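Computed from a predicted model, the values in this text were never measured in an experiment. Just so we're on the same page: letters track the sequence lines, and every chain starts at 1.
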Amino acid sequence: MRLRLVAVNISGNSNPNISLLTRRGLSSFSSSNINHLKQIHAKLIRNSGIQDVLTAGKLIADIAVSNPSNLEYARSVMATLEYPPNTFMWNSMIRGYAHSPNPIEAIFLYRKMLEQRHLPNNYTFPFVLKACTHLMDLNLGLGVHGTVIKCGFEDSDAFIQTSLVNFYASCGSIETARLLFDRCPERDVTSWNALIKGYVRSNRYLDAIRVFRLMQDRRDVRADEITLLGVALACTQLGALDMGRWVHAYIDKNHVKLSASLGTALIDMYAKCGSIDVAMHLFERMPEKDVRTWSVMIGGLAVHGLAYEALELFSEMQRFGINPDSVTFTGVLCACSHAGMVEEGLQILDKMGKVYSVEPTIEHYGCIVDLLGRSGCLEEALGLIRRIPLKPDAVLWGALLVACRSHNNVAMGELVAKEMLKLDPHHCGAHVFLSNVYASTGRWSEVEQVRSSMKEQGIRKPPGSSLIELNGDVHEFIAGDRSHPQINQIHMMLDEIATLLSLQGHVPATRGIALDIDEEEKKLALSQHSEKLAVAFGLINTKQGAVLHIVKNLRVCEDCHSAMKFISKVFHRLIIIRDRSRFHHFKDGFCSCRDYW
DNA sequence: ATAGGGTTAG
């Protein structure tokens with residue numbers, strides 16, 4: 001009778017809401033058939049086999065990891081035993097919940113365990129810390145860490161140590177993670193991987209690569225697939241192509257398995273480091289491609305402005321029988337946007353839900369607003385934002401704000417900026433836009449209002465930063481920064497470029513500058529933009545004809561864009577710049593974006 | 001009997 005009651009809520013393995021669970025660990029168990037487990041349970045009850053602690057434990061563990069939707073069932077089995085549950089059972093339940101969509105339940109169970117004076121063991125903490133990591137709750141984890149110390153596990157258990165490193169790094173306390181890592185008496189490949197991935201997660205890509213280099217100096221560990229995945233990711237973010245190539249070579253040389261995920265990471269790396277052709281070559285040779293591999297390639301082509309190729313690949317993927325997912329469509333719509341293919345984009349959006357059963361999310365609408373906005377259909381874009389079934393967020397409005405700025409629609413821009421500030425009162429771009437609008441129309445008291453509100457809230461424009469790689473080393477330039485050892489040479493080079501430009505009748509495009517400083521100061525600010533510093537540095541330090549790869553954190557401004565076109569022609573250089581939203585290939589005085597970005 | 005690290009867009 002009891003079995004029947006608890007069995008009502010049981011479902012098979014078809015729960016679609018378990019994205020957390022595709023991670024390693026539980027997936028290997030998900031094949032356990034719940035009906036089979038129910039039969040075993042029934043049989044155990046009939047034959048009094050549930051009296052056997054080991055068998056009961058195994059049953060609970062199997063049910064708990066079969067599928068998160070069966071956790072309640074596992075719990076009820078544990079609750080109805082005639083004897084108190086043992087540590088193994090507690091651990092199994094905590095483990096199941098830690099990987100479920102409700103990791104907080106794992107914490108509740110862990111607390112209940114402690115309340116009942118049941119001591120956790122070395123297996124308990126990795127599960128509990130996993131739950132803290134998913135919850136991103138630093139205080140919670142700090143408490144658990146305290147208990148780890150009290151139980152005497154901090155210095156003695158490598159699994160717990162790695163769990164702690166992973167936890168702190170995921171919660172933004174990478175320095176603490178590093179401290180713990182350094183204190184570990186023994187570190188295996190997993191410990192190193194946790195730290196490397198931790199730096200990547202904390203946007204500390206250079207540190208991730210530094211740790212990888214330290215790791216290579218050691219004879220007791222060898223990089224594996226996961227290590228290289230982390231390093232490839234860091235290269236992708238940095239745009240460090242040479243380092244990325246080196247990672248690829250390392251994989252080949254050491255026969256590291258090129259799984260679909262590592263292959264996908266490499267394709268993404270090449271694409272985002274500017275080598276779209278190498279990315280394509282690797283893509284074509286990948287023996288097994290999953291939906292992510294296809295999505296990465298499509299997205300890569302899109303940001304390089306190769307819309308036709310992206311759409312072609314999108315069709316090919318379907319001929320291969322791979323179903324596009326939400327990410328695929330972001331890439332496809334992004335391709336349309338960068339190529340100004342308004343009709344195609346709208347058609348695809350329309351088909352998403354109807355034909356592919358992928359409901360458009362706010363990101364997809366963002367692509368469409370971008371698409372309409374770039375091609376000047378501002379009213380249509382505004383209409384779309386008002387019409388969509390989802391609540392617009394600041395990012396969506398932001399796409400329209402960018403369009404208002406580039407098409408000089410002050411009235412709509414003001415409206416949009418105000419909407420954005422309602423949703424995100426700290427949004428820097430919206431403040432700056434408003435301030436500029438007011439300044440350009442002489443509404444000085446309103447300018448002052450915006451300024452002081454920014455000051456009060458401590459809102460500052462993030463500084464522009466550009467990265468350029470030279471002989472495998474990444475150099476970073478910040479706008480206006482004069483600390484580089486070669487700064488005098490760099491400025492001499494920039495002066496020379498400015499002179500050549502003005503001889504050609506070029507006027508600095510100061511329109512994009514936010515502040516109400518005078519024209520001379522604006523010109524000075526422009527001349528110190530980070531991408532200009534980086535390109536001058538590259539020109540000075542590389543051979544004639546070498547390609548310059550630059551990665552910028554913000555969008556390229558109008559003035560830098562025309563300067564780059566000019567430099568590419570005069571110096572006979574291919575300059576490839578990745579900005580916040582796409583790639584620009586500058587060659588012979590032209591840019592691949594056809595001045596449409 | 002049980003444990004730690006994992007790829008895509010915005």
Atom CZ of A:R95 to atom P of B:dA1: distance rounded to whole Å? 15 Å
Nearest whole angstrom, please: distance from the P of B:dA1 to the CG of A:D52. 12 Å
Side chain of A:S191 (C-beta onward), nearest among B:dA3, B:dG10, B:dG4: B:dG4
Examine the base of B:dG4 for any acceptor or donor lying under 3.5 Å from a partner atom in the side chain of A:Q161, and report the outcome as yes or no. no
Base, sugar-phosphate alone, or nothing: which one does A:V327 contact when heavy atoms must sit under 4.0 Å apart? base
May I have the distance from A:H99 (atom NE2) to B:dG6 (atom P), rounded to whole angstrom? 10 Å
Is A:E186 atom CD crowded by more than 12 heavy atoms from other residues, nucleotides or ligands, each under 6.0 Å away? no
Where the side chain of A:D268 is defined as all heavy atoms beyond and including C-beta, which of B:dA3, B:dT8, B:dG5 is the nearest nucleotide? B:dT8
Sugar-phosphate, base or nothing in reach of A:R201, heavy atoms under 4.0 Å: sugar-phosphate
Would you tell me whether A:H281 and A:Y270 have side-chain atoms, one donor and one acceptor, within less than 3.5 Å of each other? no
Sugar-phosphate, base or nothing in reach of A:T190, heavy atoms under 4.0 Å: base
Rounded to the Å, how far apart are A:F181 CZ and B:dG5 P? 15 Å
Can you tell me how the ring of A:W294 sits relative to the ring of A:F320, calling it parallel under 30°, perpendicular over 60° and tilted otherwise? tilted
Whole Å only: how far is the CH2 atom of A:W397 from the P atom of B:dG10? 21 Å
Please state whether the base of B:dG10 and the side chain of A:T330 form at least one donor-acceptor pair under 3.5 Å? no
For the side chain of A:N193 and the base of B:dG6, is some donor closer than 3.5 Å to an acceptor across the two? no
Is A:T293 touching bases, backbone alone, or none of the nucleic acid, heavy atoms closer than 4.0 Å? nothing
With a 4.0 Å cutoff (strictly under), does any side-chain N or O of A:K130 reach OP1 or OP2 of B:dG5? yes
OH of A:Y123 versus P of B:dA1: gap in Å, rounded? 10 Å
Consider the side chain of A:S261, meaning its heavy atoms from C-beta on, and name the nucleotide among B:dA3, B:dG6, B:dG5 that approaches it most closely. B:dG6
Counting only side-chain heavy atoms from C-beta out, which of B:dT8, B:dA9, B:dG5 sits nearest to A:K272? B:dA9
Can you see if the side chain of A:N166 gets near the phosphate of B:dG4 - specifically, an N or O under 4.0 Å from OP1 or OP2? no
Taking any heavy-atom pair under 4.0 Å as a contact, classify A:D393: base, sugar-phosphate, or nothing. nothing
Nearest-nucleotide pick for A:F127, side chain only, options being B:dG5, B:dG10, B:dA3: B:dA3
For A:A158, report the nucleic acid contact type (base, sugar-phosphate, nothing); a contact means any heavy atom under 4.0 Å. base
So, A:D188 versus A:S191: side-chain donor-acceptor pair below 3.5 Å or not? yes
With a non-hydrogen cut-off below 4.0 angstrom, is A:L195 in contact with a base, only sugar-phosphate, or nothing? nothing
Check the geometry between A:F159 and B:dG4 and answer yes if their rings are stacked (centres below 5.5 Å, planes below 30°), otherwise no. no
Rounded to whole Å, how long is the line connecting atom CG of A:D188 with atom C1' of B:dA3? 12 Å
Gap between atoms CG and C1', on A:L262 and B:dG5 respectively (whole Å): 14 Å
When the ring planes of A:F125 and A:Y110 are compared, do they come out parallel, tilted or perpendicular, using 30° and 60° as the limits? perpendicular
Charged N-O contact under 4.0 Å between A:K58 and A:D62: yes
Would A:H145 and A:E154 count as having a side-chain donor-acceptor pair, cut-off 3.5 Å? yes
Report the nucleotide, chosen from B:dG6, B:dG4, B:dG5, that has the shortest atom-to-atom distance to any side-chain atom of A:T162. B:dG4
Under the 3.5 Å rule, do the base of B:dG5 and the side chain of A:D224 count as making a donor-acceptor pair? yes
Picking from B:dG5, B:dA1, B:dA3, which would you name as closest to the side chain of A:F88? B:dA1
Among B:dT8, B:dT2, B:dG5, find the nucleotide with the atom closest to the side chain of A:N91. B:dT2
